[in-house]
Undergrad: 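Got a structure for you, questions after.
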Amino acid sequence: MSHDLDIWERRILALLQEDASLSTAAIAETIGLSASPCWRRIDRLERDGIIKRRVALVDRAKVGLKAQIFAQVKLNAHGRANLDEFTAAIREVPEVMECHVLMGSVDFMLRIVAADIESYERLFFEKLSNLPGVQEINSTVALSEIKSTTSLPIAG
């Protein structure tokens, strides 16, 4: 469902993406709207699924997840015929933060977090390489993070 966002909704979303703990009154005051119409817009954004959920963003390094790895996964012919098995299995691996289907020479791109490279090595050999249909995994270790955001560029 596509939704044409008005300027108020865009401003609300921009603020909530930066701090989801803001009260409706604080949001309304910041964007120059009264509280009731602001609350109605937020409620509609939630009901329409535009606001999927409100979460706390945790600093992965501060909780001991210092390694970030990007892995390209290629499935064998049998695996490509049974994508549901792979996708169901990958959803059960908590270290996999993101999984994207790709077009081209590889089938999936994974973003994985681990305590360190040794932890990733164990994950690779014990879980990832044993997932249904996996033919090949090419891993790239991120040395540092230049930019990471969860905020979509929607402000008007």
Side-chain angles (χ1 to χ4, degrees), residues 1-5 9-24 26-27 30 41-156:
M1 169 189 210
S2 180
H3 190 290
D4 290 326
L5 301 173
E9 292 166 331
R10 290 178 180 279
R11 289 177 180 166
I12 289 167
L13 290 173
L15 285 171
L16 286 174
Q17 286 186 102
E18 292 303 317
D19 185 356
S21 70
L22 289 172
S23 67
T24 302
I27 294 168
T30 302
R41 281 182 161 83
I42 293 169
D43 183 58
R44 185 173 51 248
L45 292 167
E46 289 174 334
R47 280 185 286 114
D48 289 350
I50 294 168
I51 297 174
K52 292 165 54 169
R53 64 183 181 269
R54 299 185 199 195
V55 299
L57 299 176
V58 177
D59 184 317
R60 68 177 171 78
K62 289 182 179 177
V63 295
L65 299 169
K66 299 195 186 282
Q68 182 164 235
I69 300 94
F70 296 90
Q72 295 178 326
V73 178
K74 184 174 187 173
L75 300 182
N76 57 35
H78 175 72
R80 282 192 287 282
N82 297 297
L83 285 175
D84 291 344
E85 287 179 65
F86 176 83
T87 58
I90 204 71
R91 285 186 178 109
E92 298 302 315
V93 182
E95 295 88 350
V96 175
M97 304 303 297
E98 297 178 31
C99 176
H100 301 273
V101 177
L102 303 179
M103 291 178 64
S105 60
V106 295
D107 299 304
F108 297 93
M109 174 68 78
L110 310 179
R111 183 172 70 84
I112 300 165
V113 296
D116 49 36
I117 298 305
E118 291 79 15
S119 297
Y120 175 66
E121 182 180 18
R122 281 191 303 281
L123 175 72
F124 179 91
F125 285 113
E126 293 172 10
K127 288 185 185 174
L128 297 178
S129 62
N130 294 315
L131 291 172
V134 170
Q135 175 180 323
E136 183 178 327
I137 301 174
N138 292 306
S139 303
T140 303
V141 176
L143 297 177
S144 61
E145 194 169 272
I146 304 301
K147 180 179 179 180
S148 177
T149 183
T150 60
S151 296
L152 298 172
I154 56 172

Undergrad: At what distance, to the nearest 0.5 angstrom, does CE of Met109 lie from NE2 of His100?
TA: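 Answer for the CE-NE2 pair, Met109 versus His100, is 8.5 Å.
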Undergrad: To the nearest 0.5 Å, tell me how far Leu45 CG sits from Ile51 CD1.
TA: 4.5 Å
Undergrad: Any side-chain to backbone donor/acceptor pair from Asp116 onto Glu118? Under 3.5 Å, distance only.
TA: yes
Undergrad: Mind checking the CD1-CG spacing from Ile12 to Leu22? Nearest 0.5 Å is all I need.
TA: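 So the CD1 of Ile12 and the CG of Leu22 are separated by 11.5 Å.
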Undergrad: Please round to the nearest 0.5 Å and tell me the distance separating atom CG of Leu131 and atom CZ of Phe86.
TA: 5.5 Å
Undergrad: When you measure from the side chain of Arg111 to the backbone of Glu98, do you find a donor-acceptor pair of N or O atoms at a distance under 3.5 Å?
TA: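 Such a contact is absent between Arg111 side chain and Glu98 backbone.
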Undergrad: Check Gln135 against Leu75 and note the closest heavy-atom contact, atom names and distance.
TA: OE1-O, 3.7 Å
Undergrad: Closer than 3.5 angstrom, by distance alone: can the side chain of Gln17 be matched with the main-chain N or O of Leu152 as a donor-acceptor pair?
TA: yes
Undergrad: Does Ser129 use its side chain to pair, donor to acceptor, with the backbone of Phe124 at less than 3.5 Å?
TA: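 Checking the backbone N and O of Phe124 against the side chain of Ser129, a donor-acceptor pair under 3.5 Å is found.
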Undergrad: Can a donor-acceptor pair be found, under 3.5 Å and without considering hydrogens, that links the side chain of Asn138 to the backbone of Ala71?
TA: no
Undergrad: Working to the nearest 0.5 Å, report the span between CZ of Phe125 and CD1 of Ile137.
TA: 9.5 Å
Undergrad: Side chains of Arg54 and Glu46, heavy atoms from C-beta outward: is any pair under 4.5 Å?
TA: yes
Undergrad: One pair to check against side-chain contact (heavy atoms from CB on, under 4.5 Å): Ile50 and Leu5. What are the steps and the verdict?
TA: CA-CA 10 Å; Ile50 294 168; Leu5 301 173; 3.9 Å; yes
Undergrad: In plain terms, say whether Glu136 and Lys74 are close enough for a salt bridge, that is, a side-chain N and a carboxylate O under 4.0 Å apart.
TA: no
Undergrad: Donor-acceptor pair, distance only, cut-off 3.5 Å: does the side chain of Asn82 make one with the backbone of Glu85?
TA: no
Undergrad: Among Glu121, Glu126, Lys127, whose side-chain contact (heavy atoms from CB on, under 4.5 Å) with Leu123 holds?
TA: Lys127
Undergrad: Please name the pair of heavy atoms, one in Ala114 and one in Tyr120, separated by the smallest distance, quoted to 0.1 Å.
TA: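 Taking Ala114 first and Tyr120 second, the nearest heavy atoms are CB-N, 3.9 Å.
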Undergrad: Taking C-beta and beyond as the side chain, do Phe108 and Leu102 meet within less than 4.5 Å on heavy atoms?
TA: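 A side-chain contact under 4.5 Å is absent here.
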Undergrad: Determine the minimum heavy-atom distance between Arg10 and Ile154, stating which atoms define it.
TA: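 Residues Arg10 and Ile154, closest heavy atoms: NH1-O, 2.8 Å.
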Undergrad: Which distance, rounded to the nearest 0.5 Å, do you find between the NZ of Lys66 and the OG of Ser119?
TA: 12.0 Å
Undergrad: Pick from Leu65, Ile112, Leu128: which one makes a side-chain contact (heavy atoms from CB on, under 4.5 Å) with Glu95?
TA: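 In the set Leu65, Ile112, Leu128, the residue that makes a side-chain contact (heavy atoms from CB on, under 4.5 Å) with Glu95 is Ile112.
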Undergrad: Just wondering, are more than 12 heavy atoms of other shown residues or ligands nearer than 6.0 Å to CZ in Arg47?
TA: yes
Undergrad: I need the minimum non-hydrogen distance between Thr30 and Ala26, along with the two atoms involved.
TA: OG1-O, 2.8 Å
